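Data block below; observations after.
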Amino acid sequence: VTEHLMEHLDREVALRDLAELVDLSPEHLCRAFKKSTGLPPYAWLMQRRIERAQTIMRTEPRLGLTQVALAVGYSGQSAFATAFKRITGLSPSQWRRVQD
């Protein structure tokens with residue numbers, strides 16, 4: 001499931017689809033996923049998206065934040081900035097400045 005999520009970071013993945021991949025109910029998948037990774041599937045996915053965004057921002061510093069947001073599965077810069085700040089404590093712009 002984690003491999004599938006990593007391959008599809010830029011897309012919405014339904015819990016039902018993930019559960020079907022491993023032939024479990026969505027509820028059982030959530031319990032097993034959290035036991036295995038320490039996080040529910042959605043929280044784990046958000047962590048990985050932000051980590052990927054940080055990598056992109058480090059390796060492609062001139063890329064706009066909207067393009068970074070789209071590359072990691074957010075519909076726009078606003079949703080990306082909200083999630084980024086919730087996870088890192090900094091806005092994407094602040095994080096970029098700290099990295100310089």
Side-chain angles (χ1 to χ4, degrees):
V1 170
T2 57
E3 192 174 302
H4 181 81
L5 287 171
M6 289 301 291
E7 290 173 6
H8 299 93
L9 276 182
D10 61 338
R11 301 184 201 137
E12 286 300 315
V13 180
L15 183 60
R16 182 173 317 180
D17 295 338
L18 293 175
E20 286 177 9
L21 282 175
V22 291
D23 199 29
L24 295 172
S25 70
E27 296 80 14
H28 190 178
L29 171 67
C30 284
R31 285 191 301 274
F33 193 95
K34 186 171 182 178
K35 184 176 180 180
S36 174
T37 67
L39 293 169
Y42 184 75
W44 186 92
L45 178 62
M46 294 303 102
Q47 281 283 144
R48 301 297 88 75
R49 283 182 173 176
I50 297 307
E51 289 169 2
R52 173 78 53 88
Q54 289 172 320
T55 299
I56 292 169
M57 290 190 298
R58 264 193 300 275
T59 59
E60 300 183 50
R62 295 192 184 272
L63 194 63
L65 292 177
T66 299
Q67 287 77 22
V68 174
L70 295 173
V72 296
Y74 290 94
S75 59
Q77 187 175 344
S78 180
F80 169 62
T82 300
F84 195 97
K85 187 165 188 169
R86 186 177 331 113
I87 290 172
T88 68
L90 299 170
S91 72
S93 297
Q94 291 169 327
W95 187 87
R96 267 189 168 166
R97 282 192 295 276
V98 170
Q99 300 305 305
D100 289 339

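Everything numeric here is computed off the predicted structure, so don't read it as measured data.
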Practice task
Find the distance between CG (D17) and CZ (R11) and round it off to the nearest 0.5 Å.
Solution key: 12.0 Å
Practice task
Verify the neighbour count for atom CD of E7: are there more than 12 heavy atoms of other residues, nucleotides or ligands below 6.0 Å?
Solution key: yes
Handout entry: Gap separating the CD1 atom of I50 from the NZ atom of K85, nearest 0.5 angstrom
Key = 13.5 Å
Handout entry: Interatomic distance, T37 atom OG1 to R48 atom CZ [nearest 0.5 angstrom]
Key = 8.0 Å
Practice task
Answer yes or no: is there a side-chain heavy-atom contact under 4.5 Å between R96 and L65?
Solution key: yes
Exercise for the section: Tell me, please, which residues at least two apart from E20 pass side chain to side chain donor-acceptor pair (under 3.5 Å). Expected result: none
Problem - Heavy-atom closest contact (V72 atom, A53 atom, distance) - result: CG1-N, 3.7 Å
Handout entry: With sequence neighbours excluded, residues passing side chain to side chain donor-acceptor pair (under 3.5 Å) with S36
Key = none
Exercise for the section: Sorted by first residue and then second, give each ring pair (Phe, Tyr, Trp, His ring centres under 6.0 Å) pair with at least one member in residues 48-69; sequence neighbours left out. Expected result: none
Practice task
Not counting sequence neighbours, which residues clear side chain to side chain donor-acceptor pair (under 3.5 Å) with Q54? List them please.
Solution key: none
Handout entry: Partner set under salt bridge (charged side-chain N to carboxylate O under 4.0 Å, His left out) for E12, not counting sequence neighbours
Key = R49
Practice task
Flag the pair V1 / L5 as yes when at least one side-chain heavy-atom distance between them is below 4.5 Å, and no otherwise.
Solution key: yes
Handout entry: Side chain to side chain, D10 and L70, heavy atoms closer than 4.5 Å
Key = no
Handout entry: Distance in Å, L39 CG paired with M46 CE, rounded so as to fall on 0.5 Å steps
Key = 11.5 Å
Exercise for the section: May I ask you to decide if the ring planes of Y74 and F80 are parallel, tilted or perpendicular, using 30° and 60° as cut-offs? Expected result: tilted
Fill in the blank from the handout: Heavy atoms of P26 and R16 approach each other most closely as CG-CA, 4.3 Å
Exercise for the section: Go through the structure and list residues passing side chain to side chain donor-acceptor pair (under 3.5 Å) with Q47, not counting sequence neighbours. Expected result: none
Completion exercise
One should read off an interatomic distance between L15 CG and L24 CG, to the nearest 0.5 angstrom, of 10.5 Å
Problem - Side-chain touch L9/M6, heavy atoms, less than 4.5 angstrom - result: yes
Exercise for the section: Determine the minimum heavy-atom distance between L90 and F84, stating which atoms define it. Expected result: O-CD2, 3.1 Å
